[in-house]
Amino acid sequence: MPNANVTTVLDEARKQEIKEIVCDILEIDEDEVTETSLFKEEHDADSLRAIEILAALERTQKVTIDQAELSRMVNLEGVYIVVAEAAQN
């Protein structure tokens with residue numbers, strides 16, 4: 001299944017919950033982040049914050065995400081894809 005279609009398994013409520021988690025950990029307002037804004041370059045995220053996001057997503061979304069997926073979780077769109085793929089496994 002192409003990545004663009006993977007996120008359709010996530011409903012808007014789940015996407016909003018993921019966005020809230022990311023914004024809470026990055027300590028930014030929800031209106032400051034878009035689906036394509038880059039966590040590291042635009043929101044000063046470091047590797048520790050990325051791991052915090054991964055752990056929070058595993059806990060709240062009831063999925064297991066390999067740390068190798070962090071390289072794909074550079075923005076909300078990437079996070080949605082990784083969570084959607086993990087939810088399908």
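Owing to the predicted nature of the structure, the values given are computational and were not obtained by experimental measurement. Numbering starts at 1 and runs along the sequence shown.
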Once you round to the nearest 0.5 Å, how far does [atom1] of [X] lie from [atom2] of [Y]?
| X | Y | atom1 | atom2 | result |
| --- | --- | --- | --- | --- |
| Lys15 | Leu76 | NZ | CG | 10.0 Å |
| Glu77 | Thr34 | CD | OG1 | 9.0 Å |
| Leu10 | Ile18 | CG | CD1 | 5.0 Å |
| Ile21 | Leu26 | CD1 | CG | 11.5 Å |

Q. Going through the checks in order, is the salt bridge (Lys or Arg N to Asp or Glu O under 4.0 Å) test met by Glu17 and Arg14?
A. CA-CA 5 Å; Glu17 183 180 7; Arg14 197 164 180 190; 5.9 Å; no
Please report, to 0.1 Å, the donor-acceptor pairs under 3.5 Å made by any side chain of residues 47-56, with sequence neighbours excluded.
unit_1 : atom_1 : unit_2 : atom_2 : d
Arg49  : NH1    : Ile25  : O      : 3.2

Q: Kindly indicate, with the supporting measurements, whether the criterion side-chain hydrogen bond (donor to acceptor under 3.5 Å, both in side chains) is fulfilled by Gln16 and Glu20.
A: CA-CA 6 Å; Gln16 179 61 34; Glu20 289 171 8; 3.2 Å; yes
Q: Indicate the atoms forming the closest heavy-atom contact of Phe39 with Val33, along with that distance.
A: CE2-CG2, 4.3 Å
**Q.** For the student: nearest non-hydrogen atoms of Tyr80 and Lys19, plus distance
**A.** OH-CB, 4.1 Å
Q) With clusters built from Ile, Leu, Val, Met, Phe, Trp and Tyr whose side-chain heavy atoms come within less than 4.5 Å, directly or transitively, what are the remaining members of the cluster of Val74, listed by chain and number? A) Leu38
Q. Is there any salt bridge (charged side-chain N to carboxylate O under 4.0 Å, His left out) pair reaching into residues 30-42, and which pairs are they, with sequence neighbours excluded?
A. none
Q. For Ser37, which residues count as a side-chain hydrogen bond (donor to acceptor under 3.5 Å, both in side chains) partner, sequence neighbours excluded?
A. His43
Q.
Checking Glu58 now: which residues fulfil side-chain hydrogen bond (donor to acceptor under 3.5 Å, both in side chains) with it, not counting sequence neighbours?
A. none
Q: Taking only Lys NZ, Arg NE, NH1 and NH2, and the carboxylate oxygens of Asp or Glu, determine whether Glu85 and Arg72 approach each other closer than 4.0 Å.
A: yes
Q: Going by the side chain to side chain contact (heavy atoms under 4.5 Å, CB included) test, name the single residue among Glu69, Lys62, Met73 that passes it with Leu57.
A: Met73
